[in-house]
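Note sheet for the following structure.
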Amino acid sequence: MEKLGRPLAHLFLTFFLYNFGTFMVAPTITDVTMFAVCPHQPECSLAIYLTGFQQAVIGLGTLVMMPLVGNLSDKYGRKALLTLPMSLSIIPLAILAYSRSRNFFYAYYVLKTLTAMVCEGSVHCLALAYVADNVPVGRRAAAFGILSGIGSAAFVCGNFVTRFLTTASTFQVATAVAIAATVYMRIFLPDVAVDESLKTPILSRGKAKIIADCPNEISPIKSDQIFKSRPSLRDMLTMLQSSKTFTQAAIVAFFLSLSDAGLHASLTYYLKAEFHFNKDQFADLMVISGIAGTVSQLIVMPILTPFLGEGVLLSVGLFFSCVHTFLYSVAWSYWVPYAASMLSIFFVFSQPCMRTIVSKQVGSCEQGKAQGCISGISSFANVVSPLVFSPLSALFLSDNAPFDFPGFSIMCVGFAMTVAFVQSLMIRVPPPISEERVNNPNYVDA
């Protein structure tokens, strides 16, 4: 148990520090963007379009990168692949830590867009694969819930600290924490490689620990073949077709990410235009949501999962996600968003339960590929979402709206979430992956 727990303890602390630094800047970025683009204006269509365009480009990049990162981590180890996104994420933070003037903002905007193609979601994806490598199948739901709970705890702590810092100090502290997370990970996190053919992983001088779970031997990969390791579209389609449950989970992942990205792109600008929220109010909302989510994932979810199962909890989480989104769309007073954010105690079930269902459909040597496939589908949703919801938000927050309903775009986000909820009701969660399925890639669920 001690041998099993030590790598996870280092992973959890790395994950906490990385997310702490990342989430610290979330409440401030809307104010920074509007100050650089449209100073002293309560509503700014250009800022909404810039945010939407950035999300679409990042989503397109991660659509390509996530399957590659996941598959390479199966070959070279999780630690080696974690180093790249964690290092790149430091650069944009350092720019705004130095200055937030218009020119520096646009430099941040360009570099953030480029680096996020690799960073966005990859640390979470690799952390999930690392947990799957080290935790038995029957305990993965609770372990994934704990990982998400640690992410929520970092979310709470980061936003709570931001509430008491100036904007300049926020980016300076975030940069320092991001550097500390990368250094800690490189020094303390044990390297785990899943491919038996691996001799020495990328960026590691020592031999990797080999987990001999994969039944098929693969010839060593040369350095000039690295980018050939990216799964093709045919490989991804084969994985989706290998299990009806995997396909249904992928559909849920698409609409869940579609709605999450739409809400993320629109909500802060909507609240700023309607209720004049600023950095402090955004931080308060995020702290409330994060505290509820942390309590749920660290306490409530591990208790309920053995009794209700991942499938039921997934549907419960998506149902409350719908309620949460619709409440935002019809908010009639400044306190309604605070009440809606408290529903995170239920809607945080969605992601870890969906990831657990996916994890149980593949063998141990395909965890990175499976999580990367789902992350790639989510990234595609992140491309589509801002193209749909950002123009809607800009239109209905402007003076040229066809009718007076500022929250209309957020209500449309709620409709997308409803599709994910309905699909989750159709998922039949089978027993964990059998040895027959691991040894036979052509095996298909009945």
Side-chain angles (χ1 to χ4, degrees), residues 13-37 47 50-55 57-59 61-62 65 69 81-127 150-187 189 203 261 264-265 268 278-280 282-283 286-287 290 379 382:
L13 183 53
T14 298
F15 193 69
F16 176 86
L17 290 173
Y18 172 81
N19 283 285
F20 182 92
T22 301
F23 290 134
M24 274 192 72
V25 303
T28 65
I29 199 64
T30 299
D31 288 343
V32 170
T33 302
M34 292 193 65
F35 180 78
V37 177
L50 282 174
T51 302
F53 175 77
Q54 184 183 56
Q55 282 192 326
V57 173
I58 291 172
T62 54
M65 292 302 299
V69 168
L81 271 295
L82 275 170
T83 303
L84 181 62
M86 292 184 68
S87 300
L88 289 177
S89 67
I90 298 169
I91 302 172
L93 295 175
I95 292 174
L96 291 186
Y98 181 77
S99 175
R100 288 147 308 284
S101 63
R102 180 186 292 264
N103 290 337
F104 279 93
F105 169 77
Y106 280 114
Y108 158 84
Y109 181 85
V110 172
L111 286 174
K112 173 66 175 177
T113 303
L114 295 176
T115 57
M117 292 181 185
V118 177
C119 303
E120 194 85 9
S122 60
V123 173
H124 188 215
C125 171
L126 293 170
I150 289 171
S152 296
F155 183 82
V156 172
C157 295
N159 286 288
F160 182 76
V161 171
T162 300
R163 184 68 170 80
F164 302 100
L165 295 176
T166 63
T167 300
S169 298
T170 297
F171 284 98
Q172 291 163 3
V173 173
T175 303
V177 172
I179 293 172
T182 306
V183 172
Y184 180 89
M185 183 273 298
R186 288 302 306 167
I187 295 174
L189 186 69
L203 300 176
H264 175 73
T268 53
N278 60 25
K279 173 182 78 73
D280 293 339
F282 293 144
M286 293 175 184
V287 167
S379 297
N382 290 338

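Numbers here are sequence positions counted from 1. Hydrogens, waters and symmetry mates are skipped; everything else that's a heavy atom, side chains included, is used.
- Atom CG of N278 is separated from atom CZ of F282 by 7.5 Å, given to the nearest 0.5 angstrom.
- The minimum heavy-atom distance between V118 and P85, with the atom names listed, is O-CB, 4.0 Å.
- Counting only heavy atoms from C-beta outward, the side chains of P92 and Y109 never approach each other to under 4.5 Å.
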- Go through the steps to decide whether F155 and M286 satisfy the test side-chain contact (heavy atoms from CB on, under 4.5 Å), and finish with yes or no. CA-CA 8 Å; F155 183 82; M286 293 175 184; 3.4 Å; yes
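- The shortest heavy-atom contact between G21 and A174 is O-CB, 3.4 Å.
- Judged purely by atom type and a 3.5 angstrom limit, T28 has no side-chain atom pairing as donor or acceptor with the backbone of T167.
- The aromatic rings of F160 and F164 stand perpendicular to each other, their planes meeting at an angle above 60°, with 30° marking the opposite boundary.
- Residues T166 and T170 have side chains not in contact (no heavy-atom distance under 4.5 Å, counting atoms from C-beta outward).
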- Verdict with supporting geometry, V25 and L96, side-chain contact (heavy atoms from CB on, under 4.5 Å): CA-CA 10 Å; V25 303; L96 291 186; over 6 Å; no
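- Not one N or O on the side chain of K279 forms a donor-acceptor pair closer than 3.5 Å with the backbone of A26.
- Looking at residues two or more places apart in sequence or on another chain, you find a side chain to side chain contact (heavy atoms under 4.5 Å, CB included) between Q172 and A97, A168, S169.
- Summarising the geometry, atom CE belonging to M185 is positioned 13.5 Å from atom CZ belonging to F15; distances are rounded to the nearest 0.5 Å.
- The minimum heavy-atom distance between S89 and C119, with the atom names listed, is N-SG, 3.7 Å.
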- Message: Let's go through C157 and F16 carefully: what are the C-alpha distance in whole Å and the side-chain angles of both, what is the deciding distance for side-chain contact (heavy atoms from CB on, under 4.5 Å) to 0.1 Å, and is it a yes or a no?
- Response: CA-CA 10 Å; C157 295; F16 176 86; 4.1 Å; yes
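- Atom CZ of F35 is surrounded by 12 or fewer heavy atoms from other residues, nucleotides or ligands within 6.0 Å.
- Remark: the backbone N or O of A36 is paired with a side-chain donor or acceptor of R102 at under 3.5 angstrom.
- Considering only heavy atoms from C-beta on, N382 stays 4.5 Å or farther from I58 through its side chain.
- Note: L17 CG to I179 CD1 = 12.5 Å, rounded to the nearest 0.5 Å.
- The backbone N or O of H264 lies less than 3.5 Å from no partner atom in the side chain of T268, so there is not a single donor-acceptor pair.
- Between R186 and T83, the side chains place a donor N or O and an acceptor N or O closer than 3.5 Å (distance only, hydrogens not considered).
- Relative orientation of the F105 and Y108 rings is tilted, given thresholds of 30° and 60° on the angle between their planes.
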- Item | Verdict with reasoning, M24 to N159, per side-chain contact (heavy atoms from CB on, under 4.5 Å) | CA-CA 5 Å; M24 274 192 72; N159 286 288; over 6 Å; no
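- Using a 4.5 Å heavy-atom threshold, the side chains of F171 and V32 count as touching.
- To the nearest 0.5 Å, atom CZ of residue F20 and atom OG1 of residue T162 are 7.0 Å apart.
- For the pair A178 and I90, the tightest heavy-atom approach, listed with the atom from each and the gap, is CB-CG1, 3.8 Å.
- Residues L93 and K112 have side chains not in contact (no heavy-atom distance under 4.5 Å, counting atoms from C-beta outward).
- Here CD of Q55 is found 10.5 Å from OG1 of T113. Values are rounded to the nearest 0.5 Å.
- Distance check: L82 CG to S122 OG gives 7.5 Å after rounding to the nearest 0.5 Å.
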